[in-house]
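Everything below concerns the one structure shown next.
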Amino acid sequence: QVQLVQSGGGLVQTGGSLRLSCAASARSFNAYTMGWFRQAPGKEREFVATITWNLENTYYGDSVKGRFTISRDNAKNTVYLQMNSLKPEDTAVYYCAARERLGNRIYVQNSRYYDYWGQGTQVTVSS
């Protein structure tokens, strides 16, 4: 069982930046692909970014490319999501997710393939 504990988030103005963190309890954190998803009120959960376990390949949703950066620190069992140039449409609850040894480029962008989820953190971008 893996526990994911998120931190960061909050309220920021348009154009501002925030960083989300997600700390995992996994003993072999480097064997887990870590993803970020978000869900706005009345909308489906949306893929944001992922970083794979083996080659640390990164993938981003079209709406965040060039603005968000995902990274991981395996020594700290933590994955980060740096969010820059935030827009009101980025407002959502953000969730980190983990799946052991998930590497398929298509699967890593689909929430159904992740086994573990963080508690969620609210990000609100004011206009």
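Reckoned from all heavy atoms, side chains included, excluding hydrogens, waters and symmetry mates.
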Evaluate the side-chain proximity of [Y] to [X]: yes if any heavy-atom separation is below 4.5 Å, no if none is.
X: F29; Y: K76; result: no
X: V48; Y: L81; result: yes
X: R38; Y: V93; result: no
X: W36; Y: I70; result: yes

What pair of heavy atoms forms the shortest contact from [X] to [Y], and how long is it?
X: A40; Y: A92; value: N-CB, 3.9 Å
X: F47; Y: G61; value: CE2-N, 3.4 Å
X: N74; Y: E56; value: ND2-OE2, 3.5 Å
X: S17; Y: S85; value: OG-N, 4.4 Å
X: G118; Y: Y95; value: O-CD2, 3.8 Å
X: A26; Y: N77; value: O-ND2, 2.7 Å

Going from [atom1] on [X] to [atom2] on [Y], what distance comes out if it is rounded to the nearest 0.5 angstrom?
X: R19; Y: T69; atom1: CZ; atom2: OG1; answer: 11.5 Å
X: Y94; Y: Q39; atom1: OH; atom2: CD; answer: 12.0 Å
X: Y59; Y: K65; atom1: OH; atom2: NZ; answer: 11.0 Å
X: Q6; Y: C22; atom1: CD; atom2: SG; answer: 5.5 Å
X: T121; Y: L20; atom1: OG1; atom2: CG; answer: 6.0 Å
X: T14; Y: L86; atom1: OG1; atom2: CG; answer: 8.5 Å

| said: Within a 6.0 Å radius of atom CD on Q3, are there more than 12 heavy atoms belonging to other residues, nucleotides or ligands? | reply: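 Count not over threshold, so no.
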Can a donor-acceptor pair be found between the side chains of [X] and [Y] at a distance below 3.5 Å?
X: N84; Y: Q82; value: yes
X: Y114; Y: R99; value: no
X: S63; Y: E46; value: yes
X: T91; Y: E89; value: no

Examine distances only and state if a side-chain atom of [X] and a backbone atom of [Y] form a donor-acceptor pair shorter than 3.5 Å.
X: N104; Y: Y107; value: yes
X: T52; Y: N57; value: yes
X: T50; Y: M34; value: yes
X: T33; Y: W53; value: yes

| note | With sequence neighbours left out, the residues meeting side chain to side chain donor-acceptor pair (under 3.5 Å) with R67 are D90
| said: Please enumerate all residues that pass side chain to side chain donor-acceptor pair (under 3.5 Å) together with D73, with sequence neighbours excluded. | reply: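 Expected list: none.
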| request: Tell me, with the steps shown, if M83 and V123 meet side-chain contact (heavy atoms from CB on, under 4.5 Å). | output: CA-CA 10 Å; M83 305 183 292; V123 171; 3.9 Å; yes
Any link between [X] and [Y] through a network of hydrophobic side chains (Ile, Leu, Val, Met, Phe, Trp, Tyr) touching at under 4.5 Å?
X: V64; Y: V108; result: no
X: F68; Y: I51; result: yes
X: Y60; Y: L18; result: yes

| said: Which label fits W117 and F37: parallel for a plane angle under 30°, tilted from 30 to 60°, or perpendicular past 60°? | reply: tilted
